[in-house]
Number of protein chains: 2
Amino acid sequence: MAYQNLTMFSKACEYGIKAIIYIASQSMLERRVKIGEVVEHIDSPEAFTAKIVGALVKENIVQSVTGPYGGFYIDKYQMGQITMIDIVTAIDGDSIFNGCGLGLKDCDAEQPCPMHSKFVKVRADLKSMLNSTSIFELAEGLKSGKSTLMR
Amino acid sequence: MAYQNLTMFSKACEYGIKAIIYIASQSMLERRVKIGEVVEHIDSPEAFTAKIVGALVKENIVQSVTGPYGGFYIDKYQMGQITMIDIVTAIDGDSIFNGCGLGLKDCDAEQPCPMHSKFVKVRADLKSMLNSTSIFELAEGLKSGKSTLMR
DNA sequence: TTTATTTAAGATAAATTTGTCTTAAATAAA
DNA sequence: TTTATTTAAGACAAATTTATCTTAAATAAA
C-alpha cells in the first residue's frame with residue numbers, strides 16, 4: 001500500500017484554497033489577478049487551477065472579469081465573511097466532516113459504526129476550525145509575510 | 001466539483017479497518033475466518049479486500065493460514081496492542097496527520113503555510129485518537145452489539 | 001470594427017485508486 | 001499421492017481524480 005492522496009483535502013481543494021488566499025491577498029491591494037499570476041505564486045497547474053477557480057466563481061465566492069485587464073478578485077465586503085468551510089464544501093463537499101469515518105451510508109449515535117464516537121470530536125473540531133477561519137485572516141498572514149504558499 | 005473520495009480515509013483503508021475489526025471480533029471467540037466470511041460481514045469487494053488484508057498480514061498485524069480450515073486471525077496477545085494508527089499508517093501512510101494541509105512539501109512552524117497553526121490541533125487530536133483506539137476495544141463494541149459494520 | 005487578451009466550457013489524456021481475474025503456493029483430508 | 005480448499009501474488013480492467021488542450025465568449029483598446 002502507501003497511497004498519495006491521503007492528505008486532508010483533494011488536490012483540487014488544495015489548489016483552490018491556495019488560489020483564493022493569493023487572490024484575496026491581492027484584492028486587499030485593489031489588484032485583480034490573472035490566472036497565470038495566481039499559479040506562479042501558488043505553484044499549481046494552470047488549466048486545472050483555472051477550472052477550480054472557475055467553479056468558485058460560479059459559487060459566487062470569487063468574482064471574475066474577462067478580457068484585457070480582466071482577472072479574478074474577491075469582493076472587499078465579502079472577504080471577511082468567506083471562510084474555509086465555504087471553499088472546502090464547494091470543492092470537496094461535506095463528507096469529510098459529515099460522512100461516516102468508515103464509509104457506512106447510515107451511521108449515527110443510535111446505530112453507530114465502531115469508530116463513531118471516536119470521530120465525533122475530531123470532526124466537530126475540524127468543522128469548527130474551518131468555520132471560524134476567514135479568507136481575510138489567511139490572506140493577511142500571507143501579505144504580511146508571516147506565512148507562505150510556496151515551498 | 002463535488003468529489004467522492006473525500007472522506008477521512010481511502011476506500012482501501014476503510015475496508016482494511018472494517019476487516020480487522022471483524023477478524024478481531026471472531027478471534028476473541030477463537031475463530032479463524034475466511035475472506036468470504038469477512039466481506040459478507042463488512043459489505044466490501046472480496047478480491048480488493050483480500051489484497052488489503054494481505055498487506056496487513058505482511059505488516060504482521062494479521063495472521064493467516066492457507067489451505068482448508070485456513071483463514072485470518074489476530075494474535076490474542078497482540079490484539080490489545082494494535083491501534084488504529086498502525087492500520088491507517090500501514091495502508092494510507094502518515095500524510096493525513098503529518099503532511100501539510102495545503103500540500104506544501106515543506107511546512108513547519110518556522111515557515112508555515114497560511115493554515116499551519118489552524119491544523120496543528122486538529123491533526124494532533126486525530127493522531128492521538130487513532131493512537132489510543134485499540135482494535136480490541138472496537139471489536140468488543142461490535143461483538144457486544146453496541147456498534148455495527150453493515151448499514 | 002478589428003484585434004488582442006482574458007475567462008468559460010468542454011473534450012481529451014494521464015495518473016491514481018478501486019476493483020476483478022487468473023495462476024501459484026500452501027495445507028489438510030481422503 | 002491426489003484432491004479440494006484457502007491465501008498469495010500479480011496481471012488486467014474500470015472508475016475517479018488530476019491535468020492538458022482547444023475553441024468559444026466577453027471585453028478593452030486601437
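Each chain gets a letter, A, B and so on, in the order its sequence line appears, and its residues count up from 1.
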Given B/I82, which partner from the list B/M79, B/M84, B/Q78 fulfils the side chain to side chain contact (heavy atoms under 4.5 Å, CB included) test? B/Q78
Nearest-Å distance for atom pair [atom1]/[atom2], residues [X] and [N]:
X: A/F48; N: C/dA14; atom1: CZ; atom2: C1'; result: 12 Å
X: A/L56; N: C/dT7; atom1: CG; atom2: P; result: 14 Å
X: A/Q63; N: D/dT27; atom1: CD; atom2: P; result: 14 Å
X: B/Y73; N: D/dT7; atom1: OH; atom2: C1'; result: 13 Å
X: A/I52; N: C/dA8; atom1: CD1; atom2: C1'; result: 15 Å
X: B/N60; N: D/dA8; atom1: CG; atom2: P; result: 12 Å
X: B/K34; N: D/dT7; atom1: NZ; atom2: P; result: 7 Å
X: A/E37; N: C/dT6; atom1: CD; atom2: P; result: 11 Å

Which one, [options], comes nearest to the side chain of [X]?
X: B/I35; options: C/dA8, D/dT18, D/dT7; result: D/dT7
X: A/T66; options: C/dT18, D/dT27, C/dA9; result: D/dT27
X: B/V57; options: C/dT18, D/dA8, C/dT7; result: D/dA8
X: A/P45; options: D/dA19, C/dT20, C/dT7; result: D/dA19
X: B/A47; options: D/dT7, C/dC21, C/dA28; result: C/dC21

B/I74 and B/I23, any side-chain heavy atoms less than 4.5 Å apart: yes
A/M8 side chain near B/V122 side chain, heavy-atom distance below 4.5 Å: yes
Salt-bridged, A/R31 to A/E37, with N to O below 4.0 Å? yes
Using both distances under 3.5 Å as the test, list the Watson-Crick or G-U wobble partner of [N], or none.
N: C/dT2; answer: D/dA29
N: C/dT12; answer: D/dA19
N: C/dT23; answer: D/dA8

Could you tell me whether B/V53 contacts a base, only the sugar-phosphate backbone, or nothing, with contacts defined as non-hydrogen atoms closer than 4.0 Å? nothing
Select base, sugar-phosphate, or nothing to describe what B/G71 touches, counting heavy atoms under 4.0 Å on all strands. sugar-phosphate
At less than 4.0 Å, is any side-chain N or O atom of [X] found next to OP1 or OP2 of [N]? Yes or no.
X: B/S64; N: D/dA8; result: yes
X: A/K11; N: D/dT18; result: no
X: A/Y15; N: D/dT18; result: no

Between B/F9 and A/F119, what is the ring plane arrangement, given parallel below 30°, perpendicular above 60°, and tilted in between? tilted
Taking atom NE2 of B/H116 and atom NZ of A/K146, what is their separation to the nearest 0.5 Å? 15.5 Å
So which one's nearest nucleotide on DNA chain D is more toward 5', A/Y69 or B/V33? B/V33
Relative to the 5' end of DNA chain D, which residue comes earlier, A/E46 or A/G67, by the nucleotide with the nearest heavy atom? A/E46
Do A/K51 side-chain and D/dT18 base share a donor-acceptor contact under 3.5 Å? no
